Structures are given as structure tokens and as C-alpha cells.
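The next block holds one structure in the form of C-alpha cells; read it before the comments.
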Amino acid sequence: MKENFREMSDEPLHWQVFISLALACVFRRGENLALEANKIDRDNKQVTIDQTIGGGKEWKPKIKDKKSSPSTRIVSVPESVIVLLKKLYISNSRMGNKASHLWKEKSHNWIFCNEDGTHFYPTTPTTWWRRFTKRKGIRHIRLHDLRHTSATFLINQGVHAKIISERLGHADIRTTMDTYGHALRSAEQEAAGKIDTLFTRKEKAD
């Protein structure tokens, strides 16, 4: 995870933000793509996830409303990522002013957008990620697997499984338990080992 962040420093700002959200907030690719400026609460450092962008008929992108879905959620975002989001918003605003009448998007204010304001095509992040890892000599994993990397990191940091489940947008905590069972068991065993030191110290004291 740290290696990815270091290598991202000289990448375009929008990709820095995209990967930061995937790692820090465990957002899916489609959730990132569907993120709009009005979904970001900079004061409370939160982002609302209630829509996604995926492939539709004839491979045309389709915006899907998730308001009735269990994966709709409000996610707390690290301060450093909020700063990046603000920078990207400002950059996009300048790009829109420069584009003027060539700006095609009239209904949405996408965070990840092309020079005409339209959102990125669903496969664009995946293509960039594959080229990025190859160019940097980083061991390639699927872009979606960054969610797993982040979730495993949170487990190892002792974050409760329920909180991790909510950040992931899982409808049922059992999905989280099934997916990350090995990591959770390892964390639980480590916790038992730490508790054991209390008894070991007590025996030495006696």
C-alpha cells in the first residue's frame, strides 16, 4: 500500500485521488466514477455513495442509482484525501471555464471527468492501472483488489469488523466475515496473544 502511494506522487491529480479513495475509503471503481462534487462534505470530511457507473447495453456506460441499495452509505474520509479532492475540484472548475461552450455535461458535476465534462468510461481506470503498474514495476493486482488491500489493513489495525463492513458497503456483515475470514482469525489470534501477556506478567510478579 505504501509503495503504491509513493509511486503515485508524479501521476496526474485525478489518478492520485482515484487510488486514494480506493485505498482509504474502499470505494469500488464504479462508485469512484459516479462521484459528484455535491456528494462531498468537506466540513465533516464525508462522502456520500449513492450511485455507480457501469457498463450498459452495447457497452454504453450506465449510471445506476443506489439509493435503495444496502451499499448506499456515508463514508468518513481522511483529511489528506479531502485536500486532494478539493484540489481536483478546483482543477476541474478551471478546466470547465477553459472549455467554455465545448463543455458537454449539463446535468452532473463529475469528480473524474474528461475535458468536456463527461465522466470517464468504465474501463478507463482499469486500463490506466494496468499500464501504471507495468511502467512502475509494481506487482500487478486487479484494481478491485485495492479494496481487499485496504480492508485487510484495517483488520490488522484492529478496526471492528462491523465498521469495515459498513465502509465496504456490504449488505450483511457475514459477507465481510466470509471474505476476510483468514485475516480476521489472524487478528483475533494476535489479540489473544496480547491478552496472554497480562497473565504472563502476573505469573512473573507472583
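Every value quoted in this text rests on a predicted model; they were computed, and no experiment measured them.
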Does atom CZ (Arg94) have a neighbourhood of more than 12 heavy atoms from anything else shown, all under 6.0 Å? no
Which distance, rounded to the nearest 0.5 Å, do you find between the OG1 of Thr152 and the CZ of Arg147? 11.5 Å
Side chain to side chain contact (heavy atoms under 4.5 Å, CB included) evaluation trace for Leu85 with Leu21: CA-CA 9 Å; Leu85 280 166; Leu21 289 172; 4.2 Å; yes
same_hphob_cluster(Val83, Met8) at 4.5 Å side-chain heavy-atom cutoff: no
Return yes if some donor-acceptor pair links the side-chain N/O of Asn44 with the main-chain N/O of Gln46 below 3.5 Å, else return no. no
Say you draw a straight line from CZ of Arg167 to CD1 of Ile49; how long is it, rounded to the nearest 0.5 Å? 10.5 Å
Report the C-alpha separation of Tyr89 and Lys86 in whole Å, then their side-chain angles, then the decisive distance to 0.1 Å, and conclude whether the side chain to side chain contact (heavy atoms under 4.5 Å, CB included) test is met. CA-CA 5 Å; Tyr89 172 78; Lys86 184 177 180 179; 5.6 Å; no
Counting only heavy atoms not in His140 (residues, nucleotides, ligands), do more than 12 fall under 6.0 Å from its NE2? yes
Any sub-3.5 Å donor-acceptor pair from Thr124's side-chain atoms to Tyr121's backbone N or O? yes
Shared hydrophobic cluster for Trp128 and Leu35 (ILVMFWY, side-chain gaps under 4.5 Å): yes
Pair Arg29-Thr126, side chain to side chain donor-acceptor pair (under 3.5 Å): steps then yes or no: CA-CA 8 Å; Arg29 181 186 66 178; Thr126 304; 2.8 Å; yes
For a 4.5 angstrom cut-off between non-hydrogen side-chain atoms, does Met177 reach Ser165? no
What do you reckon, are the aromatic ring centroids of Phe120 and Trp15 less than 6.0 Å apart? yes
Tell me whether Val159 is reachable from Ile155 by hopping between hydrophobic residues (I, L, V, M, F, W, Y) whose side-chain heavy atoms are closer than 4.5 Å. yes
Would you call the rings of His148 and His144 parallel, tilted or perpendicular, where under 30° means parallel and over 60° means perpendicular? perpendicular
If you group Ile, Leu, Val, Met, Phe, Trp and Tyr by side-chain heavy-atom gaps below 4.5 Å, do Leu13 and Ile19 land in one group? yes
Could you state whether Leu143 and Val81 fall into the same hydrophobic cluster, counting links through intermediate Ile, Leu, Val, Met, Phe, Trp or Tyr residues with side-chain heavy atoms under 4.5 angstrom apart? yes
Do the non-hydrogen side-chain atoms of Ile138 and Phe132 ever get within less than 4.5 Å of each other? yes
Is any side-chain heavy atom of Lys136 less than 4.5 Å from a side-chain heavy atom of Glu11? yes
Qualifying residue for side chain to side chain donor-acceptor pair (under 3.5 Å) with Gln51, from Glu31, Lys39, Glu36, Lys64: Glu36
Do we see a donor-acceptor contact under 3.5 Å between the side chains of Thr175 and His170? no
Would you name the heavy atoms of Ile82 and Lys45 that are closest together and state the gap between them? CD1-CA, 3.9 Å
Less than 4.5 Å apart, side chain to side chain, heavy atoms only: is that true for Asn92 and Met95? yes
As an exercise, state the distance from CH2 of Trp129 to NZ of Lys134, rounded to the nearest 0.5 Å. 15.5 Å
Does the Lys104 side chain pair with the main chain of His101, one donor and one acceptor, at a distance under 3.5 Å? no
Measure from the side-chain N and O atoms of Asn114 to the backbone N and O of Asp116, and report whether any donor-acceptor pair falls under 3.5 Å. no
Are side-chain heavy atoms of Cys25 and Pro78 found at a separation under 4.5 Å? yes
Does the pair His119 and Cys113 meet the rule for a side chain to side chain contact (heavy atoms under 4.5 Å, CB included), with working shown? CA-CA 4 Å; His119 62 71; Cys113 64; 5.7 Å; no
Working note: Phe18 + Leu88, criterion side chain to side chain contact (heavy atoms under 4.5 Å, CB included); need CA distance, chi angles, decisive distance, verdict. CA-CA 10 Å; Phe18 194 98; Leu88 183 56; over 6 Å; no
Would you call Glu79 and Arg42 a salt bridge, taking side-chain N to carboxylate O under 4.0 Å as the test? no
Could you check whether any side-chain heavy atom of Thr118 comes within less than 4.5 Å of a side-chain heavy atom of Trp110, counting everything from C-beta outward? no
I want to check something: taking the side chain as every heavy atom from C-beta on, are Leu84 and Gln16 in contact at a cut-off of under 4.5 Å? yes
Side-chain heavy-atom pair Thr149, Ile141 within 4.5 angstrom cut-off: yes
Side-chain donor-acceptor pair present, Thr48, Asp50, cut-off under 3.5 Å: no
Can any side-chain N or O of Ser150 pair as donor or acceptor with the backbone N or O of Leu146 at less than 3.5 Å? no
Report yes or no: do Thr52 and Arg28 form a side-chain donor-acceptor pair below 3.5 Å? no
Rounded to the nearest 0.5 Å, how far apart are CZ of Arg142 and OG1 of Thr133? 13.5 Å
